[in-house]
Amino acid sequence: MQGLKTKRILITGASSGIGAGMARVLAREGCRLVLHYNRNEAGVYQTLKQVQELGAEAQILKADFRQLNQLSLFFNQAWQIFDGLDGLVNNAGIVTKSTALKDADGSQFDDTLAVNLQAPYRLSAAFAQACIDSEQGGAIVNNSSIHGQASCEWFSAYAASKMGLDAITKVHAVEWGQYGIRVNGLAPGVVPVERTEHILNEPAMQQKWCERMPLGRYGKTDEMGEATAYLLSDASGWMTGSILTVDGGLIARGNYPQR
Ligand SMILES: NC(=O)c1ccc[n+]([C@@H]2O[C@H](COP(=O)([O-])OP(=O)(O)OC[C@H]3O[C@@H](n4cnc5c(N)ncnc54)[C@H](OP(=O)(O)O)[C@@H]3O)[C@@H](O)[C@H]2O)c1
C-alpha cells in the first residue's frame, strides 16, 4: 500500500483481536509500531513477536484508558519512541452488553464512554496538536462499529460510544483538514476474536449470523488490518470524515423477512 513504509503508527488495544490484526498488516507494509495494551501483557508480547517476525520495529506501551488524566503522559511517551508519529489508530475498546436498568449507578456507561469515546477524543487532540506543532500532516483511524449506524437491545452504552466516535471522526476531519490531518472511521461487522470466538463459532450461532450476511461468513481480524492500512496510506489521500463499513454486507440488508 502506497506511502506506508517506515510510517510511525500508534495502535491502541494491540494485545488481541482486531488491534493485533491491524499490527500484523501494518508490519507487513513496513510501518514502525507503538503497540498499546492495558491488562493482556502475554497478548501484546505475542503481537510484538509476530510483527518483529514480519521485520517491523515495534515497542510496547501500557495504559488504562479509564484513567483519563494519564492519557497526556501516555501520548507523550508514544510520540517520543520514534521521535514523532505519522498515524494514530484508536482501536482499544470495550464491548459492553448491559441495559440502563441493570447499570443503575451508570458505572458501566461511564467506563464504556471513557475507553471508547473520551480516550480517542483526547488522544486525537494530542496527536493533532503534536502534528501541527511539528508542521507535518497525519492520519487518524477510529475503530468504530456497525453499532455506530444501527444497534439493538443491550447495547445502549456501546452504541452511544460508537455513534459518538463517528461524530468526532467527522468533526475532527472538518477541523483538521487544513493541517493535512485526515480522520476516518472503520466500522467492522462481526469479527471473531479471542474474546468471542468460542461463542461465535458455535455452529447454531454461526448459522444465525452468517445467513444474515450477503457474503455468508464472519470477518477476519487481518481484513480489518487491510482496511486500516488503506485508511492510513496515500491510497486514501483524498478521503477524510468517512466511515468505512467492512461487514460482509450485514448492515446493508434491512431487517426485512427473507424472500
Ligand atoms: N470484534 C468485533 O466483532 C468488533 C466489531 C466492531 C467493532 N469492534 C471494535 O474493535 C475494537 C477492538 O475490539 P476486539 O473485538 O478486537 O476486542 P479485544 O480483543 O477484546 O480487544 C480490545 C482491546 O482494547 C483494550 N482495552 C480494553 N479495555 C481497556 C482499557 N480500560 N484501557 C485501555 N485499553 C483497553 C484491550 O487491552 P487489554 O486486553 O490488554 O486489557 C484490547 O487490546 C473495539 O473498539 C471494538 O469496539 C470489534
Side-chain angles (χ1 to χ4, degrees), residues 10-25 33-48 60-71 74-75 78 88-97 107-108 110-123 141-152 155 157-166 168-169 185-201 205-206 209-210 212-213 217-225 227-228 243-248 250-251:
L10 166 60
I11 308 172
T12 69
S15 48
S16 58
I18 291 177
M22 291 168 167
R24 285 189 293 271
V25 174
L33 301 173
V34 180
L35 305 171
H36 156 266
Y37 77 109
N38 178 31
R39 286 178 304 191
N40 187 357
E41 190 172 279
V44 82
Y45 273 98
Q46 191 183 353
T47 308
L48 179 69
I60 286 170
L61 213 49
K62 176 180 166 77
D64 183 346
F65 289 172
R66 289 169 301 180
Q67 312 295 321
L68 292 168
N69 58 358
Q70 290 178 17
L71 282 174
F74 166 75
F75 180 79
L88 164 66
V89 182
N90 284 310
N91 165 71
I94 47 180
V95 182
T96 311
K97 231 177 140 184
S107 57
Q108 287 183 303
D110 290 347
D111 282 352
T112 310
L113 272 282
V115 177
N116 294 9
L117 183 58
Q118 296 208 57
Y121 176 82
R122 293 181 189 215
L123 290 174
V141 177
N142 290 322
N143 191 11
S144 180
S145 165
I146 49 174
H147 284 269
Q149 298 162 45
S151 195
C152 58
F155 283 92
Y158 186 69
S161 72
K162 297 300 188 180
M163 289 182 187
L165 189 60
D166 289 353
I168 65 170
T169 295
L186 174 70
V190 187
V191 181
V193 295
E194 295 87 325
R195 178 175 53 74
T196 56
E197 54 198 4
H198 62 291
I199 304 168
L200 291 173
N201 290 334
M205 181 67 91
Q206 188 163 5
W209 274 111
C210 293
R212 288 171 183 265
M213 297 182 213
R217 66 167 176 86
Y218 293 132
K220 300 174 188 164
T221 57
D222 286 36
E223 289 174 324
M224 304 306 119
T228 303
I243 314 295
L244 182 61
T245 301
V246 185
D247 70 343
L250 178 65
I251 209 90

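These values consider heavy atoms only, across backbone and side chains, with no hydrogens, waters or symmetry-generated copies. In each ligand, atom 1 is the first atom listed, and ligand 1 is the first ligand listed.
Closest heavy-atom contact between A78 and V34: O-CG2, 4.0 Å. The minimum heavy-atom distance linking Q149 with I251 is given by the pair OE1-CG2, 3.9 Å.
Here the heavy atom of the protein found nearest to atom 12 (C) of ligand 1 is N91 OD1, 3.3 Å. The shortest contact between atom 41 (O) of ligand 1 and any protein heavy atom is with R39 N, 2.8 Å. Of the protein's heavy atoms, H36 CE1, 3.3 Å lies nearest to atom 34 (N) of ligand 1. If you check which protein heavy atom lies closest to atom 46 (C) of ligand 1, you get Y158 OH, 3.5 Å. Given atom 21 (O) of ligand 1, the protein heavy atom at minimum distance is S16 OG, 3.5 Å. For atom 23 (C) of ligand 1, the closest heavy atom belonging to the protein is G13 CA, 3.9 Å. S15 OG, 3.6 Å is the protein heavy atom nearest to atom 42 (C) of ligand 1.
The main-chain N or O of L165 is found under 3.5 Å from a side-chain atom of T169 such that the two form a donor-acceptor pair. Counting only distance, with no hydrogens or angles, the side chain of T112 and the backbone of Q108 share a donor-acceptor pair below 3.5 Å. Within the 3.5 Å criterion, the main-chain N or O of G17 finds a donor-acceptor partner in the side chain of E194. Distance alone, capped at 3.5 Å, places no donor-acceptor pair between the T96 side chain and the Y158 backbone.
Residue contacts with ligand 1 for R195 involve side-chain atoms from C-beta outward but no N, CA, C or O (heavy atoms, distance under 4.0 Å). The part of V193 lying near ligand 1 is the side chain, judged by heavy-atom distances below 4.0 Å. Residue contacts with ligand 1 for N38 involve both N, CA, C or O and side-chain atoms from C-beta outward (heavy atoms, distance under 4.0 Å). Contacts between M224 and ligand 1 below 4.0 angstrom, taking non-hydrogen atoms only, are absent altogether. When heavy-atom distances to ligand 1 are checked against a 4.0 Å cut-off, S144 comes that close only through its backbone atoms N, CA, C and O. With a 4.0 Å cut-off on non-hydrogen atoms, I18 touches ligand 1 through its backbone as well as its side chain. Looking at T221 against ligand 1, nothing comes within 4.0 Å, counting heavy atoms.
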Inset, instruction - Take L61 and L35 through the test side chain to side chain contact (heavy atoms under 4.5 Å, CB included) and record every step on the way to the result. - result: CA-CA 6 Å; L61 213 49; L35 305 171; over 6 Å; no
Inset, instruction - Please assess N143 against V89 for the test side chain to side chain contact (heavy atoms under 4.5 Å, CB included), listing each intermediate value before the final yes or no. - result: CA-CA 7 Å; N143 191 11; V89 182; 5.5 Å; no
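Ligand-side atoms of ligand 1 in range of G17: 16 (O), 19 (O), range being under 4.0 angstrom from any heavy atom. Close approach to N143 involves these atoms of ligand 1, each under 4.0 Å from a residue heavy atom: 9 (C), 10 (O), 11 (C), 45 (O). Residue I94 approaches ligand 1 through these ligand atoms, each under 4.0 Å from one of its heavy atoms: 27 (C), 28 (N). Listed by number with element, the atoms of ligand 1 under 4.0 angstrom from any heavy atom of A63 are 32 (N), 33 (C). Close approach to Y37 involves these atoms of ligand 1, each under 4.0 Å from a residue heavy atom: 40 (O). Heavy-atom proximity to D64, at under 4.0 Å, picks out these atoms of ligand 1: 30 (C), 31 (N), 32 (N). Residue-ligand proximity, A92 to ligand 1, at heavy-atom distances under 4.0 Å covers atoms 24 (O), 25 (C), 34 (N), 45 (O). Of all the atoms in ligand 1, the ones that sit under 4.0 Å from a non-hydrogen atom of G93 are 22 (C), 24 (O), 27 (C), 44 (C), 45 (O).
Heavy-atom proximity to atom 5 (C) of ligand 1, evaluated over G219, G189, S145, G21, is greatest for G189. Remark: among candidates A119, A14, P188, the nearest residue to atom 6 (C) of ligand 1 is P188, based on non-hydrogen atoms.
Distances between N or O atoms of V191 and those of ligand 1 include at least one value under 3.5 Å. Note: an N/O pair closer than 3.5 Å links F65 and ligand 1 by distance alone. On a distance-only criterion, G19 and ligand 1 share no N/O pair closer than 3.5 Å.
Relative orientation of the H36 and F65 rings is parallel, given thresholds of 30° and 60° on the angle between their planes.
Residue contacts with ligand 1 leave out A20, since none of its heavy atoms falls under 4.0 Å from the ligand. Residue contact annotation: K162 has a non-hydrogen atom under 4.0 Å from ligand 1.
For the residue pair T221/R24, the side-chain donor-acceptor check at 3.5 Å is satisfied. For N91 and T12, the side-chain atoms include no donor-acceptor pair closer than 3.5 Å. No donor-acceptor contact under 3.5 angstrom links the side chains of S15 and N40, judged on distance only.
Note on D222 versus K220: no salt bridge recorded, every NZ/NE/NH1/NH2 to OD/OE distance being 4.0 Å or above.
Annotation: side-chain hydrogen bond (donor to acceptor under 3.5 Å, both in side chains) contacts of D110 (sequence neighbours excluded): none. Y37 is linked by a ring-ring contact (aromatic ring centres under 6.0 Å, His included) to nothing, counting only residues two or more places apart in sequence or in another chain.
Between F155 and K97, the closest side-chain pair of non-hydrogen atoms falls below 4.5 Å. Counting heavy atoms from C-beta on, the side chains of N142 and L186 never come closer than 4.5 Å.
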